[in-house]
Protein chains: 2
Amino acid sequence: MTGRGPRGERGEQADKILAAARRSIATRGYTATSLRSVAQDAGVDPGLVHYYFRTKPGLLEAVMEPPEAFGAAVAAAAEQPIHQRGRAFVQANLRLWEDPAAAEILRAIILTAAQEPAAMKRLRQLFSQLVLAVVSHSLTDDERNLRASLIATQIVGLVMNRYIWQVGDIAVLPADAVTDLLAPTIQRYLADPLPTTLGDRPTPR
Amino acid sequence: MTGRGPRGERGEQADKILAAARRSIATRGYTATSLRSVAQDAGVDPGLVHYYFRTKPGLLEAVMEPPEAFGAAVAAAAEQPIHQRGRAFVQANLRLWEDPAAAEILRAIILTAAQEPAAMKRLRQLFSQLVLAVVSHSLTDDERNLRASLIATQIVGLVMNRYIWQVGDIAVLPADAVTDLLAPTIQRYLADPLPTTLGDRPTPR
DNA sequence: CAGTAGTTTCAGCATACGCTGAAATTAGTT
DNA sequence: AACTAATTTCAGCGTATGCTGAAACTACTG
C-alpha cells in the first residue's frame, strides 16, 4: 500500500512493536516468540524490529523495562504503620496485578526468569524494590532479609496460582476475599516473632 | 565407529535420550530445547529421538511422566493426624524437591506449564494428587478446595523461590529451618478457622 | 542358514530463524 | 529546490529446526 519512509509520529512504530512483543512474550514465552511474528502482530516490517531494538535480547530488555514509578503503590504500602502493613501490602500487590499493562510486564519477566539471566536480574531488582521496601522500615537488620524472603514466598505463590497458571480457588475469588485470606500470613511474616529452633539468626549467605 | 543396528539392552538408548531431554528442558526450557541437541547430549543419532518418541510433544510427554509412586511420601503426610499434618506436609514437599530426579521432572513441568497445555495438564494433575490429598481427610467439603488452594499458594511460592529461582534467604536455609518457618502457615490454612468476611462459602467456580 | 523384526544411521526436504546491507521513501532544514 | 537525516522496505545470507524415508545393520527365530 504505502511506500517506504517514515509515517506517523516518532516512536509510533516502536511502540507498536513493543506492545506486540510484550503480549507474545507474556503468553508464548521468550524463546517461542519470533521477531517475524512480532513484526506481523505489530503490522510492521521485520527489519524495523532490528532497526529499533537491534537484537532479540535487546527487545527483551525493552519489554521488561518497567514504566516510571512502577509499583509505587506497593512501595507506598511500606509507609503504613506496621500493624496494618501486611494487609496493605497484599492489597497493593493485587491491585498491581489487576492492571493488565503491569501484569503483562511482570508475566513476561516471570516466564523468562528461569531461562534468561537478564530476566532473572530484573526479577531480583523488582524484589529489592518492592518486597524489601515493605520490610525495611522499623525492623532489625538481621531479620529483615529473612522476613522479606518469607513474604516473597507467599506473594509469589499467590501470583503464580492466581495470575500465571490460574489454578485453584485462589484464582477465582474476588480480590477482597484473597486479601482477607492472605493478609494474616503476610502480617505474621512481617512482624510476629519467628521460630528460634535453628539458631537465632537466619544464617544469611 | 560401530555400524548401525541395535546395541546394549532394549530401551537403553531411549533412557539416555529421556535423561538428556529432562535435563535440557528443566534448565533451558522446552522451546529452547532442540531434538538435535538432546540427541547430541545423549550421544545418539537425532533420528533415534523420533524413532522412540515420535514428535517433540511426544518427548515432552515422556519427560513429564512421573515415575511410579511419585510423591508417595507427600501423600503419606495426608495420613498424619490433623494437628501435625501441616508440618509433615512441608517436610514431605521439601524432601521431594531435595531429590534431584524428582526435582528435575517437576522443574520441567513448571517451566513449561505456562506455554504448553500438556504441561499445564500435568501440573493440575499433580496438584490434585499431592495437595488435595492432604486436605481430603477430615474436612468438610465446601472448605476443602479453598484450603487446598491456600496451601498450594504457600508451597508454590516456596518452590519458586528456593528451587526454581534460588532467590532470597529461603533458598539457602537448611530444610529444617524452612520447615519451622512455613509449617505454622500451612497448618493454619489446613485447620484454622477461615475469615468469614466475604460470604461464608468460598464461591467456587 | 534363511528369514524377520527391531534398531541405528544417513541424506535431505521444507520451513523458520536472527540478522545484515543497501536501496527507496519521507520529512524537515537551508 | 537542493540537501540531509531518519525511517521503512526488500532481498537474501547462513544456520537451525522438526520431521521423513529408506538403507544398513544386529539379534533372534524357524
Side-chain angles (χ1 to χ4, degrees), chain A residues 1-25 27-64 108 112 115-119, chain B residues 1-25 27-64 108 112 115-119:
Chain A
M1 271 295 170
T2 30
R4 310 188 177 187
R7 64 201 48 169
E9 55 183 273
R10 164 157 187 147
E12 190 179 322
Q13 309 284 61
D15 285 350
K16 286 202 290 185
I17 294 171
L18 201 56
R22 254 198 267 267
R23 202 176 57 230
S24 177
I25 295 180
T27 58
R28 290 191 280 268
Y30 173 63
T31 19
T33 293
S34 78
L35 302 185
R36 280 172 160 93
S37 75
V38 166
Q40 182 161 346
D41 291 358
V44 142
D45 186 276
L48 267 194
V49 181
H50 289 102
Y51 178 72
Y52 282 114
F53 302 97
R54 308 273 313 166
T55 65
K56 199 185 178 188
L59 216 209
L60 175 63
E61 209 70 62
V63 159
M64 297 188 304
T112 319
Q115 306 157 44
E116 292 291 320
Chain B
M1 269 298 171
T2 29
R4 310 187 175 184
R7 64 200 48 169
E9 55 184 88
R10 165 159 187 149
E12 189 180 323
Q13 310 284 61
D15 285 350
K16 286 202 289 185
I17 293 171
L18 201 56
R22 253 199 267 266
R23 202 175 57 229
S24 178
I25 294 180
T27 59
R28 289 190 281 268
Y30 174 63
T31 19
T33 293
S34 78
L35 301 185
R36 282 172 159 92
S37 75
V38 166
Q40 182 161 347
D41 290 358
V44 143
D45 186 275
L48 266 193
V49 180
H50 289 102
Y51 177 73
Y52 282 114
F53 302 97
R54 306 275 311 168
T55 65
K56 200 185 178 187
L59 216 208
L60 175 64
E61 209 70 62
V63 159
M64 297 188 305
T112 319
Q115 308 156 42
E116 291 292 319

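In what follows, every chain begins at residue 1, and chains take the letters A, B, ... in the order their sequences are listed. This one's a predicted model, so the numbers in the text were calculated from it and none came from an experiment. Basis for what follows: all heavy atoms, side chains included, without hydrogens, waters or symmetry-related copies.
Taking the side chain as every heavy atom from C-beta outward, B:Y52 and B:Q13 approach each other to under 4.5 Å. Contact annotation: the side chain of A:L18 approaches that of A:L59 to within less than 4.5 Å [non-hydrogen atoms, C-beta and beyond].
A:Q13 has no side-chain polar atom (N or O) that falls below the 4.0 Å cut-off from OP1 or OP2 of D:dT7. Side-chain nitrogen and oxygen atoms of A:S34 include at least one within less than 4.0 Å of the OP1 or OP2 phosphate oxygen of C:dC17. Residue B:Y52 places at least one side-chain N or O under 4.0 Å from the OP1 or OP2 atom of C:dT8.
One interatomic measurement links the two molecules: CD of A:Q40 to C1' of C:dG18, which rounds to 17 Å at whole-angstrom precision. Here the P atom of nucleotide D:dT8 and the NZ atom of A:K16 are 9 Å apart, to the nearest Å. Between A:Y30 atom OH and C:dC17 atom C1' there is a gap of 12 Å when expressed in whole angstrom units. Computed from coordinates, the B:Y51 OH to C:dT7 P distance equals 4 Å when rounded to whole Å. Going from atom CZ of A:R36 over to atom C1' of D:dT17 covers 13 Å, rounded to whole Å. The CZ-C1' distance, from B:R28 to D:dA16, rounds to 14 Å in whole Å. Summarising the geometry, the separation between CD1 on B:I17 and P on D:dC19 is reported as 14 Å, rounded to the nearest angstrom.
For the pair B:L35 and A:V44, nearest-nucleotide mapping onto DNA chain D gives the more 5' position to A:V44. Remark on DNA chain D: of its neighbouring residues A:A14 and B:T55, the 5'-side contact belongs to A:A14, judged by nearest-heavy-atom nucleotide. Nearest-nucleotide assignment on DNA chain C puts the 5′-proximal partner with B:G47, out of B:G47 and A:K56. Nearer the 5' end of DNA chain C, as judged by each residue's closest nucleotide, is the contact made by B:L48, out of A:R54 and B:L48.
Residue B:L35 holds its CG atom at 12.0 Å from CG of B:L48, rounded to the nearest 0.5 Å.
Between B:R22 and B:V63, the shortest heavy-atom contact is NH1-O, 2.6 Å. A pairwise comparison of heavy atoms in A:V38 and A:A20 identifies O-CB, 3.7 Å as the closest pair.
Here the side chain of B:D45 is nearest to one of C:dT9, D:dC19, C:dC19, namely C:dT9. Of all nucleotides listed (C:dC19, D:dT9, D:dG18), C:dC19 comes nearest to the side chain of A:H50.
Within the nucleic acid shown, A:T31 has no heavy atom closer than 4.0 Å to any nucleic acid atom.
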